[in-house]
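For clarity, every value in this text was computed on a predicted model and none was experimentally measured.
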Amino acid sequence: MKRFTPIVFILLLSLHLQAQDKKAKDLLDQVTAKVKSYQNIVIDFKYSLNNSKENINQESKGNVTMKGNMYVLNLMGVTKLFDGKKVYTINPEDEEITISKLNEKDDNAITPSKMLTFYNTGYKYTLDITQNVKGRQIQYVKLVPTGGKDQRKEILLGIDTQTKNIYNLIEVGKNGTKTTLTVNSFKVNQPLSKNQFVFDAAKYPKYYINKLD
């Protein structure tokens, strides 16, 4: 009978992991459905990047406005605008604007438009820890990239179990770099200007415009 104990244990563990995977997928599906139900999303967030080996510690606040796949992102003094066709990177410090096409083949890049739904393909996922954050129940889902060339070791996605909105995203690189994005405010269906996602070169008469493609 003792010979079968390890086999029984493995089977039970497998069933437990499958149940976890299903719960994780169900939770992610609920988040996706919630995101798709909004006309637009406006987020204020805190961004931090840490690597103890390289002695790197950066922290900044930012905000992003999203509608469909279009977005306006403000972070570290730089504005990125995506109008659905091209990305406009506006750098006031250098008085330079770079215009490029979105690289849709770069699966590793979590752009603002993919930030809330990037997890739908290319990952294995399981439920991780649950934390109480100022009275909010945050359930973490661990995402492990399935692509061998991916430089990320894992991603932890913190989800508010009541609202089904993303609270934070923690990305751990294979080189030890840890990037954390924490949502400070999450607003939806806001009144936006009709030109919210339109680039107007007339606003930057002295800027050098660099067209990459």
Asks: Keeping the roles fixed (side chain from Gln162, backbone from Ile138), state whether a donor-acceptor pair exists under 3.5 Å.
Replies: no
Asks: Extract all donor-acceptor atom pairs below 3.5 Å that involve side chains of residues 192-207 and protein atoms in other chains or at least two apart in sequence.
Replies:
unit_1 : atom_1 : unit_2 : atom_2 : d
Ser193 : OG     : Asn195 : N      : 3.1
Asp200 : OD1    : Ala202 : N      : 3.1

Asks: Can a donor-acceptor pair be found, under 3.5 Å and without considering hydrogens, that links the side chain of Thr79 to the backbone of Asn74?
Replies: no
Asks: Side-chain heavy atoms nearer than 4.5 Å, only ILVMFWY residues, links allowed to pass through others: does that put Tyr140 and Leu157 together?
Replies: no
Asks: Distance from Ile97 atom CD1 to Ile90 atom CD1, nearest 0.5 Å?
Replies: 5.0 Å
Asks: Kindly work out whether a path of hydrophobic side-chain contacts (I/L/V/M/F/W/Y, heavy atoms less than 4.5 Å apart) joins Val78 to Leu81.
Replies: no
Asks: So, for Ser60 and Leu75, which heavy atoms are closest and what is the spacing to 0.1 Å?
Replies: OG-CD1, 3.9 Å
Asks: From Leu181 CG over to Leu169 CG, what is the distance, rounded to the nearest 0.5 angstrom?
Replies: 6.5 Å
Asks: Side-chain polar contacts of residues 38-46 - donor-acceptor pairs under 3.5 angstrom, sequence neighbours left out - could you list them?
Replies:
unit_1 : atom_1 : unit_2 : atom_2 : d
Tyr38  : OH     : Asn165 : OD1    : 3.2
Asn40  : OD1    : Asn189 : N      : 3.2
Asn40  : OD1    : Gln190 : N      : 2.7
Asn40  : ND2    : Gln190 : O      : 2.9
Asp44  : OD2    : Ser185 : OG     : 3.2

Asks: Quick one: do Lys25 and Asp29 make a salt bridge, cutoff under 4.0 Å?
Replies: yes
Asks: Can you name the closest pair of heavy atoms from Lys23 and Leu127 and give their distance?
Replies: CB-CD1, 3.6 Å
Asks: I'd like to know whether NZ of Lys34 has more than 12 heavy-atom contacts from other residues, nucleotides or ligands below 6.0 angstrom.
Replies: yes
Asks: Could you verify whether a donor N or O on one side chain and an acceptor N or O on the other, from Thr130 and Gln139, lie under 3.5 Å apart?
Replies: yes
Asks: In the single-linkage hydrophobic clustering (I, L, V, M, F, W, Y; side-chain heavy atoms under 4.5 Å), do Val133 and Val31 co-cluster?
Replies: no
Asks: State the CD1-CG distance between Ile170 and Asp128, to the nearest 0.5 angstrom.
Replies: 9.5 Å
Asks: Output all residues satisfying salt bridge (charged side-chain N to carboxylate O under 4.0 Å, His left out) with Glu95, sequence neighbours left out; order by chain, then residue number.
Replies: none
Asks: Looking at Asn57, Thr179, Asn175, Thr177, which hits side-chain hydrogen bond (donor to acceptor under 3.5 Å, both in side chains) with Asn51?
Replies: Thr177
Asks: Evaluate Tyr208 against Asp94 for side chain to side chain donor-acceptor pair (under 3.5 Å), listing each step before the verdict.
Replies: CA-CA 9 Å; Tyr208 172 73; Asp94 298 334; over 6 Å; no
Asks: So does Gln137 get a backbone contact from the side chain of Thr161, meaning a donor-acceptor N/O pair under 3.5 Å?
Replies: yes
Asks: Compare all side-chain heavy atoms of Ile159 with those of Leu28 and state whether any distance is below 4.5 angstrom.
Replies: yes
Asks: Quick check: is Tyr47 connected to Val172 through a chain of hydrophobic side chains (ILVMFWY, heavy atoms under 4.5 Å apart)?
Replies: no
Asks: Would a distance-only check, ignoring hydrogens and angles, find a side-chain to backbone donor-acceptor pair under 3.5 Å from Lys142 to Glu154?
Replies: no
Asks: Is there a side-chain contact (heavy atoms from CB on, under 4.5 Å) between Phe186 and Thr163? Walk through the geometry before answering.
Replies: CA-CA 11 Å; Phe186 190 102; Thr163 64; over 6 Å; no
Asks: Between Thr182 and Tyr167, is any pair of side-chain heavy atoms under 4.5 Å apart?
Replies: yes
Asks: For Ala24 versus Val141, what's the shortest heavy-atom pair and its separation?
Replies: CB-CG1, 4.1 Å
Asks: Counting only heavy atoms not in Lys178 (residues, nucleotides, ligands), do more than 12 fall under 6.0 Å from its NZ?
Replies: no
Asks: Quick check for you: to the nearest 0.5 Å, what is the distance between Asp83 atom CG and Met70 atom CE?
Replies: 8.0 Å
Asks: Could you tell me if the side chain of Leu27 sits less than 4.5 Å from the side chain of Lys164, heavy atoms only?
Replies: yes
Asks: Hey, could you give me the CG/CD1 distance between Leu156 and Ile129, rounded to the nearest 0.5 Å?
Replies: 7.5 Å
Asks: Report the distance from atom OH of Tyr125 to atom CG of Leu143, rounding to the nearest 0.5 Å.
Replies: 8.5 Å
Asks: Under 4.5 Å between any side-chain heavy atoms of Ile209 and Lys211, yes or no?
Replies: yes
Asks: If you look at every heavy atom in Pro92 and Gly77, which pair is closest and at what distance?
Replies: CD-O, 3.1 Å
Asks: More than 12 non-hydrogen atoms from neighbouring residues, nucleotides or ligands closer than 6.0 Å to NZ on Lys174, yes or no?
Replies: yes
